[in-house]
Protein chains: 2
Amino acid sequence: MVADAEAGPVRAPLSRDRVLRAAVRMADDAGLGALTMRRLAEVLGAEAMSLYYHVANKDEVLDGIADVVAREINEAVDALELRSDGARWKDAVRCRILTARQVLLRHPWAPSVLETRAAMSPEILRYHDRLLGLMRDGGFSYDLGHHALHALGSRALGFSQELFDPGDGAAAPEELAGLAEQLPHLAGMLAEVAHDDPGSTLGWCDDQAEFEFGLDLVLDGLDRLRDR
Amino acid sequence: MVADAEAGPVRAPLSRDRVLRAAVRMADDAGLGALTMRRLAEVLGAEAMSLYYHVANKDEVLDGIADVVAREINEAVDALELRSDGARWKDAVRCRILTARQVLLRHPWAPSVLETRAAMSPEILRYHDRLLGLMRDGGFSYDLGHHALHALGSRALGFSQELFDPGDGAAAPEELAGLAEQLPHLAGMLAEVAHDDPGSTLGWCDDQAEFEFGLDLVLDGLDRLRDR
DNA sequence: ACCTGAACACCGTTCAAGT
DNA sequence: ACCTGAACACCGTTCAAGT
């Protein structure tokens with residue numbers, strides 16, 4: 001066969017792997033809303049319908065990118081080599097979870113897709129299996145370990161529902177007056193922070209610190225149940 | 001003006017309220033995926049574009065139905081009349097949260113829309129303000145109360161991320177063999193439950209019990225911090 | 001003031017066809 | 001085996017028009 005005479009860039013052939021990696025990059029760059037079968041194909045230099053040869057449908061793409069992130073998490077935490085015997089279980093679990101969180105922070109869209117995937121990917125199962133293993137080393141019964149996984153919930157993977165985010169948006173001091181009547185306690189809380197740290201009513205919640213506070217609360221509670 | 005001679009059912013005029021109530025009913029009946037501007041209009045006996053006179057766009061509909069549920073929660077919890085002084089704060093908060101959960105269980109779609117609403121509705125703010133009030137009665141500083149709201153996260157409203165749901169789907173015993181090699185700890189956990197309660201490997205997680213376990217873990221932890 | 005119809009710019013996906 | 005084009009059945013939304 002004669003070499004291709006045309007100078008046109010011969011696109012690398014598609015594959016499930018290339019499709020998923022491009023999807024992750026798209027979500028990283030432009031958010032989950034920008035991840036469209038049509039735009040995904042475009043980025044890959046292919047026609048929209050070509051994707052369906054490598055992937056059943058969009059749902060499989062979402063399953064796939066969840067799996068990519070989960071694999072990235074497992075690679076990060078497996079490198080830790082944590083000792084987890086006896087009382088050391090807590091530090092080990094804590095470190096593992098905070099490492100997983102570091103990975104998730106690079107993929108801000110990941111929590112919302114992990115939440116919506118009903119079927120658990122093998123990688124997610126593997127992550128929880130090892131986490132449960134650390135707790136077993138620490139003396140947990142399977143029953144307590146089971147409760148622990150539920151109690152941790154998404155925190156096991158390194159994220160938590162930020163449903164309540166006071167100070168986000170334009171919660172400026174001038175709003176406090178109107179706030180104080182309807183919402184006396186929240187207003188008081190905000191006022192105290194404004195007093196302690198004037199000028200920082202906006203974005204005054206340290207996400208990382210709050211995550212660790214909640215995590216430690218749960219881990220300490222589990223540790224006490226373990227002692228019984 | 002002469003009475004309308006035609007027998008055709010004269011549809012009640014639209015209104016923001018009617019639109020939102022119909023939207024809630026649609027989500028309750030058929031899930032969030034079925035909630036479409038076009039189908040919403042159809043249910044109301046109107047043309048799709050008529051909705052836009054009463055509501056800016058679909059996002060406002062989602063904000064609206066979140067608010068409807070939040071109002072329903074506030075009505076339920078305000079009726080409780082809880083005593084929260086001193087050590088009684090914990091029972092009061094617990095009861096309030098479990099009552100909110102009862103409302104949410106009637107609207108299974110509500111958690112996912114509450115999560116995605118960045119701007120907090122007045123009703124959600126009000127709910128958290130009163131919750132913080134109960135903790136203040138119990139002797140919480142504003143600082144601890146702030147941490148507490150973050151630590152509770154979505155649990156404050158009565159739901160928790162069910163990311164890890166072993167036993168859901170078709171996790172039948174025959175799968176356990178393959179599971180045991182790759183996932184020894186999860187397999188062991190499942191096997192123990194299967195032994196204790198044979199024949200119930202599927203759906204063996206009691207959501208309500210697990211929710212209460214996690215909630216109590218957090219509340220007990222907060223109670224200890226309050227004592228210092 | 002309240003509602004409508006036609007039209008636009010998107011989606012995901014099927015299916016028969018091309019190389 | 002791998003990719004494509006045209007087409008279908010949906011979306012949310014704009015805009016000018018009707019009563």
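What you are looking at is a predicted structure, and each value in this text was computed from that prediction instead of being measured.
In this structure, the ring pair (Phe, Tyr, Trp, His ring centres under 6.0 Å) partners of A/His147, at least two apart in sequence or on a different chain, are B/Phe213. Partners of A/His107 according to the ring pair (Phe, Tyr, Trp, His ring centres under 6.0 Å) rule, which considers only residues two or more places apart in sequence or in another chain, are A/Trp109. With sequence neighbours left out, the side chain to side chain contact (heavy atoms under 4.5 Å, CB included) criterion links A/Ala34 to A/Ala30, A/Arg39. With sequence neighbours left out, B/Glu75 forms a side chain to side chain donor-acceptor pair (under 3.5 Å) with no residue at all. The side chain to side chain donor-acceptor pair (under 3.5 Å) check on A/Arg130 picks up nothing, with sequence neighbours excluded.
Residue pairs meeting the ring-ring contact (aromatic ring centres under 6.0 Å, His included) criterion with at least one member in residues 20-53 of chain A, sequence neighbours excluded, do not occur. Legend: salt bridge (Lys or Arg N to Asp or Glu O under 4.0 Å) pairs involving residues 56-68 of chain A, not counting sequence neighbours, sorted by first then second residue: A/Arg16-A/Glu60, A/Asp59-A/Arg117, A/Asp63-A/Arg117, A/Asp67-A/Arg71. Residue pairs meeting the salt bridge (Lys or Arg N to Asp or Glu O under 4.0 Å) criterion with at least one partner in residues 27-38 of chain A, sequence neighbours excluded, are absent.
With a 3.5 Å limit on both pairing distances and Watson-Crick or G-U wobble geometry required, the stems of 3 or more pairs in DNA chain D span C:4-8 with D:12-16, C:12-16 with D:4-8.
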Under 3.5 Å, N/O pairs linking protein and nucleotides 16-19 of chain C:
none

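Taking atom CD of B/Glu42 as the reference point, atom C1' of C/dC3 lies 17 Å away to the nearest angstrom. As a whole-Å value, the separation of B/Arg38 CZ from C/dC10 P is 15 Å.
Ionic pairing of B/Arg101 and B/Asp207 is not present here: no N-O contact between side-chain nitrogen and carboxylate oxygen is shorter than 4.0 angstrom.
Around CD of B/Gln182, the count of heavy atoms belonging to other residues, nucleotides or ligands within 6.0 Å does not exceed 12. A 6.0 Å sphere centred on CZ of A/Arg25 holds no more than 12 heavy atoms belonging to other residues, nucleotides or ligands.
Residues from residues 15-37 of chain B placing a heavy atom under 4.0 Å of any atom in DNA chain C do not occur. Residues from residues 46-60 of chain A lying near DNA chain C, meaning a heavy-atom separation below 4.0 Å, are A/Met49, A/Tyr52, A/Asn57, A/Lys58 in numerical order.
Taking side-chain N and O atoms only, B/Arg39 has no distance below 4.0 Å to OP1 or OP2 of D/dC10.
Under the 4.5 Å side-chain criterion, counting only non-hydrogen atoms from C-beta, A/Arg155 is not in contact with A/Ile97. In this structure, A/Arg126 and A/Asp78 have side chains that are in contact, with non-hydrogen atoms separated by less than 4.5 Å.
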